[in-house]
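Worksheet for the structure shown next.
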Amino acid sequence: MASTLHSFASPADLAGSLADKVASTLSAAIAARGTASIAVSGGSTPKAFFQALSTRDIAWDKVTITLVDERFVPADNPRSNHLLVDANLLQNKAKAARFLPLYQEAASVEEAASLATEKTRAISSPFDIVILGMGGDGHTASFFPGGSNLAKALDASTPRGIITMEAEGAGEPRLTFTFSSLQDAALLVLHIEGEGKKDVLAKAEGNGDEAEMPIRAVLRRATSPVEIYWAP
Ligand SMILES: O=C(O)[C@H](O)[C@@H](O)[C@H](O)[C@H](O)COP(=O)(O)O
């Protein structure tokens, strides 16, 4: 599917513009259906965007927020994406939103993935909005090169839901929505910042296997257009 590059002069300009776009998309979904859903990524890039979005005046009580992926750590762990979202997005007006975590108290990450799949079934498919990030190795969500479940994660026929992922670059075991869960969002955004990530994107847009740079699965096979938001 096609992608569109939206370039901004600064991360602050990007954060404000993406917050406006997301807020208007959520409001349109609420007007059409009475509810709206968004899955966001963790990492360091989205913090300013989360903070800007948290101030937007929409019917947040009609919005369900979840994560694209999560480290298998509880929400009080500094590595937790839940903690990042709680501290930066579930603030201000967005405090009224419902948040569905991926991390579950369970004896294993596999059991946690099954529980998370069950609990997130409450969110109607497809997502209204998915915000993806990208690592320097071309991973997105927890689709890491060399990942333990990478083929299953990227297979379009894998049922929607959350699966586990372990990989050298991932740190803790991960919980991640599958490609099939994310690729048909009404608004599919890839949010990256810095010259380095732009170079990684250029390489990903070239030839090569999806397994080498899993972001390629999104750029090549997502049924939704990919809206790339970039700032230096
Ligand atoms: O759990 C995570 O880390 C994210 O979901 C992951 O996919 C992230 O988007 C990229 O690793 C980019 O991270 P940065 O924004 O920190 O570069």
Side-chain angles (χ1 to χ4, degrees), residues 8 10-12 14-15 18 22 38-53 65-75 77-89 99-104 109 112-113 116 120 127 129-150 153-154 162-179 181-183 185 188-201 203-204 210-219 222 226-232:
F8 296 86
S10 69
L14 184 157
L18 183 54
V22 166
I38 177 171
V40 297
S41 286
S44 57
T45 302
K47 194 170 177 180
F49 156 61
F50 287 165
Q51 291 169 354
L53 181 58
I65 302 172
T66 191
L67 287 160
V68 161
D69 68 333
E70 179 62 283
R71 298 82 182 272
F72 187 49
V73 294
N77 184 303
R79 289 273 298 160
S80 165
N81 286 337
H82 181 172
L83 184 66
L84 175 79
V85 168
D86 202 45
N88 295 282
L89 177 50
F99 178 74
L100 286 185
L102 299 194
Y103 176 79
Q104 308 291 326
V109 63
T120 53
F127 283 113
I129 302 170
V130 163
I131 310 285
L132 296 174
M134 183 184 71
D137 59 0
H139 82 262
T140 191
S142 284
F143 311 155
F144 286 87
S148 54
N149 275 326
L150 184 61
L154 298 183
I162 290 137
I163 62 172
T164 67
M165 189 71 66
E166 297 194 41
E168 199 171 312
E172 310 80 0
R174 297 291 188 103
L175 295 161
T176 185
F177 272 104
T178 59
F179 170 81
S181 307
L182 304 169
Q183 58 89 31
L188 180 58
V189 173
L190 173 61
H191 174 196
I192 56 175
E193 293 181 3
E195 295 300 336
K197 291 281 181 76
K198 199 171 187 186
D199 294 343
V200 174
L201 175 66
K203 183 181 177 191
E210 291 180 1
E212 178 197 17
M213 299 185 83
I215 187 66
R216 286 174 172 154
V218 175
L219 296 170
V226 184
E227 305 296 338
I228 302 171
Y229 278 67
W230 177 81

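First listed ligand is number 1; within each ligand, the first listed atom is number 1.
- A donor-acceptor pair under 3.5 Å links the side-chain atoms of K197 to the main chain of M134, judged by distance alone.
- Taking every heavy atom of A141 and a limit of under 4.0 angstrom, the matching atoms of ligand 1 come to 6 (C), 7 (O).
- Remark: the backbone N or O of A153 is not paired with any side-chain donor or acceptor of T178 at under 3.5 angstrom.
- The closest approach between a heavy atom of K197 and any atom of ligand 1 is below 4.0 Å.
- Distances below 4.0 Å separate heavy atoms of T45 from the following atoms of ligand 1: 14 (P), 15 (O), 17 (O).
- Note: an N/O pair closer than 3.5 Å links R174 and ligand 1 by distance alone.
- Within the 4.5 Å cutoff, the side chain of V189 has no heavy atoms near those of the F49 side chain.
- Against a heavy-atom cut-off of under 4.0 Å, N81 is close to the following atoms of ligand 1: 1 (O), 2 (C).
- Here the CG atom belonging to L89 is positioned 9.0 Å from the CG atom belonging to L84, to the nearest 0.5 angstrom.
- The protein heavy-atom contact nearest to atom 4 (C) of ligand 1 is D69 OD1, 3.5 Å.
- What sits closest to atom 13 (O) of ligand 1 on the protein, heavy atoms only, is G43 CA, 3.9 Å.
- Side-chain contact between H82 and Y103 is absent, with no heavy-atom pair separated by less than 4.5 Å.
- Distance alone, capped at 3.5 Å, is enough to place a donor-acceptor pair between the R71 side chain and the R79 backbone.
- V218 is not listed as a side-chain neighbour of L190, based on a closest heavy-atom distance of 4.5 Å or more.
- Between F177 and F127, the ring center distance clears the sub-6.0 Å criterion.
- At a 4.0 Å heavy-atom cut-off, ligand 1 touches M134 through the backbone alone.
- Ranking protein heavy atoms by distance to atom 3 (O) of ligand 1, first place goes to R71 NH2, 2.8 Å.
- If you number the atoms of ligand 1 from 1 as listed, the ones under 4.0 Å from a heavy atom of G133 come out as 9 (O).
- For atom 10 (C) of ligand 1, the nearest non-hydrogen atom of the protein is H139 NE2, 3.4 Å.
- Heavy-atom proximity to atom 14 (P) of ligand 1, evaluated over S44, G42, G194, is greatest for S44.
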